[in-house]
Student: 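So that we are looking at the same thing, I have put the structure below in structure tokens.
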Protein chains: 2
Amino acid sequence: MFDPACPSSAMPIRIGDKWSAQVIVCLDEGPRRFSELQVPIRGVTPKVLTQTLRALERDGMVTRTAYAEIPPRVEYELTELGRTLFAPIAACRAWAADNFSAMLEAREAYDNRD
Amino acid sequence: MFDPACPSSAMPIRIGDKWSAQVIVCLDEGPRRFSELQVPIRGVTPKVLTQTLRALERDGMVTRTAYAEIPPRVEYELTELGRTLFAPIAACRAWAADNFSAMLEAREAYDNRD
DNA sequence: CGGAATCCTCTTCGATACTG
DNA sequence: CAGTATCGAAGAGGATTCCG
């Protein structure tokens, strides 16, 4: 789902920490379990995914629902507030589509100057 | 111009590094000198302001023009590419106006839960 | 005036292993 | 399955001092 090779680290705009935006996009299609998030968000360790989810929960962006079953099951879901982040995310994606390559070219020109 | 007491560090959306957005907003009204940027952007040290400006210059967001005078004078100006950042910045400001306080309330409720 | 140099702290992120 | 515990690396950001 997310290409680890994409130069997203160069993006000048960030939503929350490194993984928050990916979590939010993943949760847009409905509630997801912990392990269902780990798959598309490649490269995230359980510890960091937990950190990210806790921070999002603290800010009221997601809800966490634990089911007392064996095996345990936990679902994360976007809240109304979490969905409000989609407008700025969309604006940032539009910016990236229009200007990201120009920025990378400017950067390369700068680095290759003498 | 920018209140250091404002909880901007809690903002889930960031443009570039900690100070880039403020620099861009300051430069919107026209070219500014190094020391003219240091005043409104309270709390930034020369080193970090230099870092920020270099990074923005590298990415083609600002131009740096040094005048060989005594005393020296350096002016920074937004490029066309730098101005494109205004759309996402505006979207983020709109988000903050609408939802920032709700996020802070959710956070406080989370922290005060038993 | 507009930085550069140095040193330092704090946070973020990750690897690995283990558990209720 | 859904985490937690521990350790460690790395980078951002800051304080202070010095320079052309």
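Not measured: the values here are computed from a predicted model. So that the names make sense, note that chain A is the first sequence line, chain B the second, and so on, each numbered from 1. Values reported hereafter were calculated over all heavy atoms of this structure, with side chains retained and with hydrogens, waters and symmetry mates removed.
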Student: According to side-chain hydrogen bond (donor to acceptor under 3.5 Å, both in side chains), who are the partners of A/Ser20, at least two apart in sequence or on a separate chain?
Tutor: A/Asp17
Student: Could you state the atom-to-atom distance from CD of B/Glu69 to C1' of D/dG20 in whole Å?
Tutor: 16 Å
Student: My understanding is that only residues two or more places apart in sequence, or in another chain, count here; which of them pass salt bridge (Lys or Arg N to Asp or Glu O under 4.0 Å) with B/Arg32?
Tutor: B/Glu29
Student: If you compare every side-chain N and O of B/Ser35 against the phosphate oxygens of C/dC1 (OP1, OP2), does one of them come in below 4.0 Å?
Tutor: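 No, because none of the side-chain N or O atoms of B/Ser35 sits under 4.0 Å from OP1 or OP2 of C/dC1.
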Student: Tell me: CG of B/Leu37 to P of C/dG3, nearest whole Å?
Tutor: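 Atom-to-atom, B/Leu37 to C/dG3, this comes out as 10 Å.
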Student: Does A/Phe86 reach the side chain of A/Asp28, with side-chain heavy atoms less than 4.5 Å apart?
Tutor: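 In contact.
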Student: Only pairs at least two apart or in different chains count here, so list each salt bridge (charged side-chain N to carboxylate O under 4.0 Å, His left out) that has a residue in residues 65-74 of chain B.
Tutor: B/Glu69-B/Arg73, B/Arg73-B/Glu75
Student: Tell me the interatomic distance from B/Gln51, atom CD, to C/dG3, atom P, rounded to whole angstroms.
Tutor: 13 Å
Student: How does protein reach along nucleotides 3-9 of chain D, written 5' to 3' as B (base within reach of a heavy atom under 4.0 Å), S (only sugar-phosphate), or - (no contact)?
Tutor: BS-BB--
Student: Nearest whole Å is fine: how far is C/dC13 P from A/Ile41 CD1?
Tutor: 13 Å
Student: If the condition is salt bridge (Lys or Arg N to Asp or Glu O under 4.0 Å), which residues does A/Arg58 pass it with, not counting sequence neighbours?
Tutor: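 Salt bridge (Lys or Arg N to Asp or Glu O under 4.0 Å) check on A/Arg58 returns B/Asp111.
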Student: In this structure, how many angstroms lie between the P atom of C/dC1 and the CD1 atom of B/Ile70, rounded?
Tutor: 12 Å
Student: For B/Gln38 and C/dC1, give me the distance from atom CD to atom P, rounded to whole Å.
Tutor: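 These atoms are roughly 10 Å apart.
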Student: Please tell me which of the listed nucleotides, D/dC1, C/dA15, D/dG13, lies nearest to the side chain of B/Asp17?
Tutor: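 Nearest listed nucleotide: D/dG13.
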Student: Rounded to whole Å, how long is the line connecting atom CD of A/Glu36 with atom P of D/dA2?
Tutor: 8 Å
Student: Answer yes or no: is there a side-chain heavy-atom contact under 4.5 Å between A/Gln38 and A/Leu49?
Tutor: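 Of all side-chain heavy-atom pairs linking A/Leu49 with A/Gln38, at least one is under 4.5 Å.
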Student: Taking only the side-chain heavy atoms of A/Arg33 (C-beta and beyond), determine which of D/dA2, D/dG13, C/dC13 contains the nearest atom.
Tutor: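 The nucleotide sitting nearest to the side chain is D/dA2.
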Student: Quick check for you: among D/dG20, D/dA2, D/dG13, whose closest atom lies nearest to any side-chain atom of B/Pro72?
Tutor: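 The nucleotide sitting nearest to the side chain is D/dG20.
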Student: Side-chain donor-acceptor contacts of residues 97-108 of chain B below 3.5 Å, not counting sequence neighbours, with atom names and distances?
Tutor:
{"residue": "B/Arg107", "atom": "NE", "partner": "A/Asp59", "partner atom": "OD1", "Å": "2.7"}
{"residue": "B/Arg107", "atom": "NH2", "partner": "A/Asp59", "partner atom": "OD1", "Å": "2.9"}
{"residue": "B/Arg107", "atom": "NH2", "partner": "A/Asp59", "partner atom": "OD2", "Å": "3.0"}

Student: The side chain of B/Lys18 is closest to which nucleotide in this list: D/dA2, C/dC1, D/dG13?
Tutor: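 Closest of the options to the side chain of B/Lys18: D/dG13.
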Student: To the nearest Å, how far apart are B/Arg73 CZ and C/dG3 C1'?
Tutor: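 The answer, rounded to whole Å, is 16 Å.
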Student: With a 4.0 Å cut-off on heavy atoms, is A/Arg32 in touch with a base, just the backbone sugar-phosphate, or nothing at all?
Tutor: nothing
